[in-house]
Amino acid sequence: MKISVILDEIAVMADSSGFDPISNVVKQEWLIHGPNPYSTAALEEAIRLREKYPDIQVSAYSLGGADAARVLTYAMAMGADDAFWIPAENIKFMDLWDRAFRLANAIQSRGNDLILCGRLSADENTEELGPFIADIIGVPFISDATKIDMVFAEQKGLVWRRLERGDRDVYEAKLPLLITVERGIRSPRYVSVRKQSLPWRITKIEESSSNKSSDLNVSPVTLIGSALPRPKPKKGAQIATALSAQDRLMMLMSGGSSQKKEGGLVEGKPGEVARRISEFFEEKGFY
Amino acid sequence: MIAPGSYPYATIVMSVILLLGITLFGYLIYRRFLLLRFGSPDPRIDKIKERAKKTLHFALFQKRLPRYPLAGFIHIVIFSGFLILAIRSLTLIGQGFFPKFSLLPLSINFAYSVVTDYTELLVMAICLFAMIRRAIMQPARYMHEEDKVNKKHKAEAYIVLALIVALMGTDISFEGSMIADNGQPSLLYPASSVASFFYAGFSEAMRQTIYLFSYWSHIVILLVFLCYLPLSKHFHVITAIPNVFFSKLNKGSIKPVFWERGDWKKSDNIGASKITDFTWKHIFDFYTCTDCGRCTDNCPASAVGRLLSPRMISIKLRDHAYASFPLSNPFRKVPVKRFLGDIIEEETVWACTTCGACEEECPVFIEYIDKIVDMRRYLVEAAKVPESLHKPLLELQRKGNPYGEMPQKRTDWATSSNSTAVNILNESDQCDLLFFVDSCASFDPRAQDVARSIVTLFQKADLDFGILGKDEVDSGHEVRRMGEEGLFEQLSERNTNAINKRKYRRIVTTDPHAMNCLKNDYHLSHPVVHYSEVLLETLNSGKLKWKGSINGNETYTFHDPCYLGRHNGIYDTPRKIMRAIPGMRMVEMDRSKARSFCCGGGGLYFWHEVATEKERMAVKRVNMAHEAGANVIVTACPFCLINLEEAIKANRNTDQMKVIDLIELVNNLV
């Protein structure tokens, strides 16, 4: 039994002060790199399945440059059995269809029963890679899974799928299958710094000349340009009036609207806190 | 009367008893020694002078025992009795071979026999009282919840006390039958004289039988007692003195992963999950534990109902060690069974705040923190870290602080207000005091106030100081104590590099945790001090003058932070500062100084949620201050400050109480 997990690395910024106010682009030194939390959630799910059914082999795949190698090291440290690196330069300028093709090729040639990947990549937020790969390989897919319960002997299992407002869909699905995993209920295991520093074996996959994805010209999309992510403004009801008119103008022009949230944290003794919250509701006309 | 040694068979019988007893004893000791050899190495023979001094103070003079006055008194009586009566027992053994044998010169023999008689009487009475105390008075620390499942060890205490009573009794009976035969009862020998009254009516032959029976039973009980020691918790009679001698000298530090040289990261066997993963000294600690329960009695985690009892760690692991390396085992068979998760639960390992109350209390210096950290190291490598700690640890890996704040914002507390313009040192800059802020005071809004108070006060005192700025990362104090050694190495390396690139005379910290870490875990060339020490110096030098005084209605108390007090011995400095404040009215809590009660822990313990807990430690601590009659708790650690403040908010009884950091208190008044 083989489970393939697709992982990627993301760059995130914790707050909105690290961008260039003129060009609006995030400053490189403010970016923190790390494995995509959705990817690690998928790998965690795979490892938990292996803990339940010991004859499973978990393989990790990643496409990209040095970042892919880093995330595969992390995957090995987390407990993957083997790791396959599909080298590609400038992955940020490669469209998703192209990426999906390269990954699908690598996974397909190694055989698999279950493919897991993160629901989305926390920096690009496309949610497309998994479905694309499923389409290329020709297997069904279930997105946004919060819980996976597979019975490998019967080649089927139950998958819980997230809907809105806490509702869940439960599907019975047959293998082979691709599932995109939602993060949330299970926190991926903590990987010690020592384990990350060990020399893990990562297999590099060179593209064979017969099925080079670039020759296939499969992508229906042409990429014209790409930019680094912008900081997301916090949505609120009221524009902060503490700023000068010029600053407010700058902010509007740059597309941001850093706003002060109405209200604040209510602190104090439990009784007093309750009283103030009820006053707040009354004031706002909730009852 | 015919002396036992005068019988022709005496030499043979005595030889057989001695041979059997000593051979068995030797075998048992050898087995125990073998298990120690399976433990990992641990260098403990440096600084002989300091160790000898410690042994003299704490093993021979038993300085820690009177911390529990009654039990301490009982123990000291029995211990001195042992020392005095050892000569008597050896003399008795010698008399089995030569009837006139005497170890002491004849001139003091008489005086010694008087002392012996009184000692025996006293020891016997004390042992009987100790049994009554255990059975009827039932001190709380013997009644711990886990005792209900550990009945076996309760019996051990009675067996040993009974053996001691029997030893005393047989010797008294031996002497008594002699007095009944041809001596005069006298107040010089009260015990034997009383015994002689009982025997006075007996026939001569009967007295001779009692005389012989008392003698031989004394010898047999003596050897049974000797052999029983390595089989029970009373092994401490033999191991306590060496255990104190080999005890850890540098308090506050944490043992490295391995004491051997070489890269620990390459090993597959990190931390402790099997008995042989411990160092030989740690296994020796298990041998030495006497099950007195002082550690658990003082353990704050135990007091709030967490699944931790330091005493049970020792007891359970000793039982496990003996069971996995039984006496009948082949000599070379190494025990391999894992105890973690089975005998010691994972939750137990994470319940400790490393406050050190157990180690401070233990009369024989058993180490707990190093063992717990070693067990955590194993769990970290086995990816079994509690979920509540994942996030802060990952943030530390990526951003160098557990708060998840960007490293660029580390100096925001200092640059946000104009009144506190802090000198941010560039590489190769110079200053007198290097202020190591650490993550808490850099990012936590309440602790930032403390950092700002330090800055304003240092500026008032005209001190030359600076901070590392963005080059500083978390000190890694709790990271190391949580068992994540690799991350600690990364953090400490970055800090050490940043510190070594600046020129300074001393490092000063807000936080006792950071001070302890920089002082004991890092290897820096210059001293590290807590701000309270600098503060006392400046006050003494007269650079600061009191401008205000305290409102007369308030009573203050000082809460000793664990890593300032117990781990680094700074108890009096903050108290001297407080007493110097005009109008100060101060009370001490019941548990203060070395017995201070942990607030619940700082650093990563902020994030760590323990599954089983009846009450918050901080709430308990605030109640203690309330009971002592204080309205204001002063502390000198940002973590204590935050924990206690939160506790006051959540507690109805302590509405009117306040918590303030020492530096804030002083800063408001100068």
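Labels below follow one simple rule: chain letters A, B, ... track the order of the sequence lines, proteins then strands, and each chain is numbered from 1. Computed from a prediction, not measured in an experiment: that's the story for all the values here.
The minimum heavy-atom distance between Y190(A) and L487(B), with the atom names listed, is OH-CD2, 3.8 Å. Pairing each heavy atom of R194(A) with each of S267(B), the nearest pair is NH1-O, 2.9 Å. Across all their heavy atoms, K265(B) and S197(A) have their closest contact at CD-OG, 4.0 Å. Of all non-hydrogen atoms in M406(B) and W30(A), the two that sit nearest each other are CE-O, 2.8 Å. Closest non-hydrogen pair, Q397(B) versus V191(A), comes out as NE2-O, 3.1 Å.
Looking at I270(B), only its side chain comes within 4.5 Å of chain A, counting heavy atoms on both sides. Neither the backbone nor the side chain of S388(B) comes within contact range of chain A; no heavy atom of the residue lies under 4.5 Å from a heavy atom of that chain. Heavy atoms closer than 4.5 Å to chain B are found nowhere in P199(A), neither backbone nor side chain. In this structure, chain B has no heavy atom under 4.5 Å from any part of E272(A).
Going from atom CZ of R398(B) over to atom NE2 of H33(A) covers 11.5 Å, rounded to the nearest 0.5 Å. Here the CG atom belonging to L198(A) is positioned 8.5 Å from the CG atom belonging to D268(B), to the nearest 0.5 angstrom.
Applying the side-chain contact (heavy atoms from CB on, under 4.5 Å) rule to M76(A) yields the partners A80(A), A83(A), W200(A); only residues at least two apart in sequence or on another chain are considered. For R161(A), the side-chain hydrogen bond (donor to acceptor under 3.5 Å, both in side chains) criterion is met by S143(A), not counting sequence neighbours.
A side-chain donor-acceptor contact under 3.5 Å links E381(B) and S192(A).
When the candidates G79(A), G34(A), P188(A) are compared by the number of heavy-atom contacts under 4.5 Å with chain B, P188(A) comes out ahead. Of the listed residues Q408(B), Q490(B), E485(B), the one with more heavy-atom pairs under 4.5 angstrom with chain A than any other is Q408(B).
R616(B) CZ: 12 or fewer foreign heavy atoms inside a 6.0 Å radius. Other residues, nucleotides and ligands contribute over 12 non-hydrogen atoms within 6.0 Å of the CD atom of E260(B).
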